[in-house]
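Take a look at the structure below.
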Amino acid sequence: MNKTKIVLATGNAGKVKEMADVLSQFGFEVVAQTEFGIESPEETGLTFVENALIKARYASKMTGLPAIADDSGLSVEVLGGAPGLYSARFAGENATDADNRQKLLAEMAEEDNRQAKFVSCIVFLRHETDPTPYIALGECFGEILTEERGENGFGYDSLFFYPPKNLTFAELETKEKKAISHRAIALESLKQQLEGNK
């Protein structure tokens, strides 16, 4: 059986594999947009959903294929949801992960409320002008520590403490983190939606 190609609006090899694992069972072959020489568009949305849609629509427009995109970030309660959409550039346009973590620690130095969540929004478009895209959300709740712990992961993982495991995301094994992460929850939601529309 020939698989339908679907473009993933990212160049991240890890994301491609993660999405491919889920989507292959529905007859899709996932290809990263970088394989088509496509750069990401400017993300001008004000929500994770809007940004994911912008990325997916652009990838679909440029390739003529169905498209999938995700937008994700860290939302800290006491900071009004920041860094949110700006998680990757919290400390500035060319900030490193370490820069972003240091800024977060500095902003929360005096705060007692450490509640936070990772959010992932995945959208699936059948074509560029699809008026009813699949939208799947995933959230993973935890707390921001006062210092980093763990060597695995990336981004804010070493500061994100996950109470059910009594570990930070950076202390979890990769396989374990993938099973409980915000993206895993969103992918499971997408899978259920696709199963409901087979």
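Just the heavy atoms: all of them, side chains too, but no hydrogens, waters or symmetry mates, feed the values below.
Between Ile185 and Phe118 there is no side-chain heavy-atom pair separated by less than 4.5 Å. Contact check for Leu137 versus Glu139: no side-chain heavy atoms found under the 4.5 Å cut-off. Between Ile180 and Leu172, the closest side-chain pair of non-hydrogen atoms falls below 4.5 Å. Side-chain contact check for Thr47 versus Asp71: every heavy-atom pair is 4.5 Å or farther apart. The closest side-chain heavy-atom distance from Ser40 to Gln33 is below 4.5 Å.
Counting non-hydrogen atoms of other residues, nucleotides and ligands closer than 6.0 Å to NZ of Lys61 gives a total of 12 or fewer. Atom OH of Tyr86 has 12 or fewer heavy atoms from other residues, nucleotides or ligands within 6.0 Å.
Here the closest heavy-atom approach between residue Ala82 and residue Phe90 is recorded as CB-CE1, 4.4 Å. When every heavy atom of Ala186 is checked against every heavy atom of Ala136, the shortest pair comes out as O-CB, 3.3 Å. For Cys121 against Phe48, the heavy-atom pair with the smallest separation is CB-CB, 3.9 Å. In terms of heavy-atom proximity, Asn113 sits nearest to Val78 at O-CG1, 3.7 Å. Closest non-hydrogen pair, Ser120 versus Ser72, comes out as CA-CB, 3.8 Å. Residue Ala32 comes nearest to Val7 through the heavy atom pair C-CG2, 4.4 Å, listed as atom of the first residue, atom of the second, then distance.
Under the rule for a side chain to side chain contact (heavy atoms under 4.5 Å, CB included), the partners of Arg114 that lie at least two apart in sequence or sit in another chain are Met108, Glu111, Glu143, Ile144, Thr146. Every residue two or more places apart in sequence or in another chain that forms a ring-ring contact (aromatic ring centres under 6.0 Å, His included) with Phe28 is listed here: Phe124. Contacts of Lys103 classified as side-chain hydrogen bond (donor to acceptor under 3.5 Å, both in side chains), with partners at least two apart in sequence or in another chain: Glu107. Checked against side chain to side chain contact (heavy atoms under 4.5 Å, CB included), Ala95 has the following partners two or more places apart in sequence or in another chain: Ala91, Asp99, Asn100.
Taking hydrophobic clusters as Ile, Leu, Val, Met, Phe, Trp and Tyr residues chained together by side-chain heavy-atom distances below 4.5 Å, Val49 does not share a cluster with Val119. Both Met62 and Val31 belong to a common hydrophobic cluster when Ile, Leu, Val, Met, Phe, Trp and Tyr are linked at side-chain heavy-atom distances under 4.5 angstrom. Both Val30 and Leu194 are members of a single hydrophobic cluster when ILVMFWY side chains are connected at heavy-atom separations under 4.5 Å. In this structure, Leu8 is a member of the same hydrophobic cluster as Val22, with clusters built from ILVMFWY side-chain heavy atoms closer than 4.5 Å. In terms of hydrophobic clustering, with Ile, Leu, Val, Met, Phe, Trp and Tyr side chains grouped at heavy-atom distances under 4.5 Å, Ile6 and Val16 are assigned to a common cluster.
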task = Determine, step by step, whether Gln102 and Leu105 satisfy the side chain to side chain contact (heavy atoms under 4.5 Å, CB included) criterion, reporting the C-alpha distance in whole Å, the side-chain angles of both residues, the deciding distance to 0.1 Å, and the verdict.
result = CA-CA 5 Å; Gln102 288 310 308; Leu105 284 172; 4.0 Å; yes
query = Should Tyr134 and Arg126 be marked as a side chain to side chain contact (heavy atoms under 4.5 Å, CB included) after you check the CA-CA gap, both sets of side-chain angles, and the distance that decides it?
reply = CA-CA 9 Å; Tyr134 292 100; Arg126 299 165 194 83; 3.3 Å; yes
query = Is there a side chain to side chain contact (heavy atoms under 4.5 Å, CB included) between Leu53 and Leu125 once you walk through the steps?
reply = CA-CA 8 Å; Leu53 280 167; Leu125 295 174; 4.1 Å; yes
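Interatomic distance, Met19 CE to Leu187 CG, rounded to the nearest 0.5 Å: 5.0 Å. Atom NE2 of His182 sits about 12.0 Å away from atom NZ of Lys117, to the nearest 0.5 Å. With rounding to the nearest 0.5 angstrom, the CD atom of Glu195 is 10.0 Å from the CG atom of Leu190. For the atom pair CZ of Phe154 and CZ of Arg101, the computed distance is 11.0 Å after rounding to the nearest 0.5 Å. Taken to the nearest 0.5 Å, the CG atom of Leu65 stands 13.0 Å off from the NE2 atom of His127.
Judged by distance alone, with hydrogens and angles left aside, the side-chain atoms of Thr63 form a donor-acceptor pair with the main-chain N or O of Ala59 at under 3.5 Å. Put simply, the side chain of Asp70 never gets that close to the backbone of Ile122: no donor and acceptor are under 3.5 Å apart. Between the Gln193 side chain and the Ile135 main chain, a donor and an acceptor come within less than 3.5 Å of each other. Asn51 places a side-chain N or O within 3.5 Å of a backbone atom of Gly45 that can act as its donor or acceptor partner. A donor-acceptor pair under 3.5 Å is absent between the side-chain atoms of Arg89 and the main chain of Asn94, judged by distance alone. Put simply, the side chain of Ser60 never gets that close to the backbone of Pro66: no donor and acceptor are under 3.5 Å apart. Remark: side-chain polar atoms of Ser87 are paired, donor with acceptor, to backbone N or O of Leu74 under 3.5 angstrom.
Residue pairs meeting the salt bridge (charged side-chain N to carboxylate O under 4.0 Å, His left out) criterion with at least one partner in residues 32-53, sequence neighbours excluded, are Glu43-Lys55.
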Show me, pair by pair, the donor-acceptor contacts under 3.5 angstrom made by side chains of residues 162-169, not counting sequence neighbours?
unit_1	atom_1	unit_2	atom_2	d
Lys165	NZ	Glu176	OE2	3.2
Thr168	OG1	Arg149	O	2.8
Thr168	OG1	Ala170	N	3.3
Thr168	OG1	Glu171	N	3.2
Thr168	OG1	Glu171	OE1	3.4

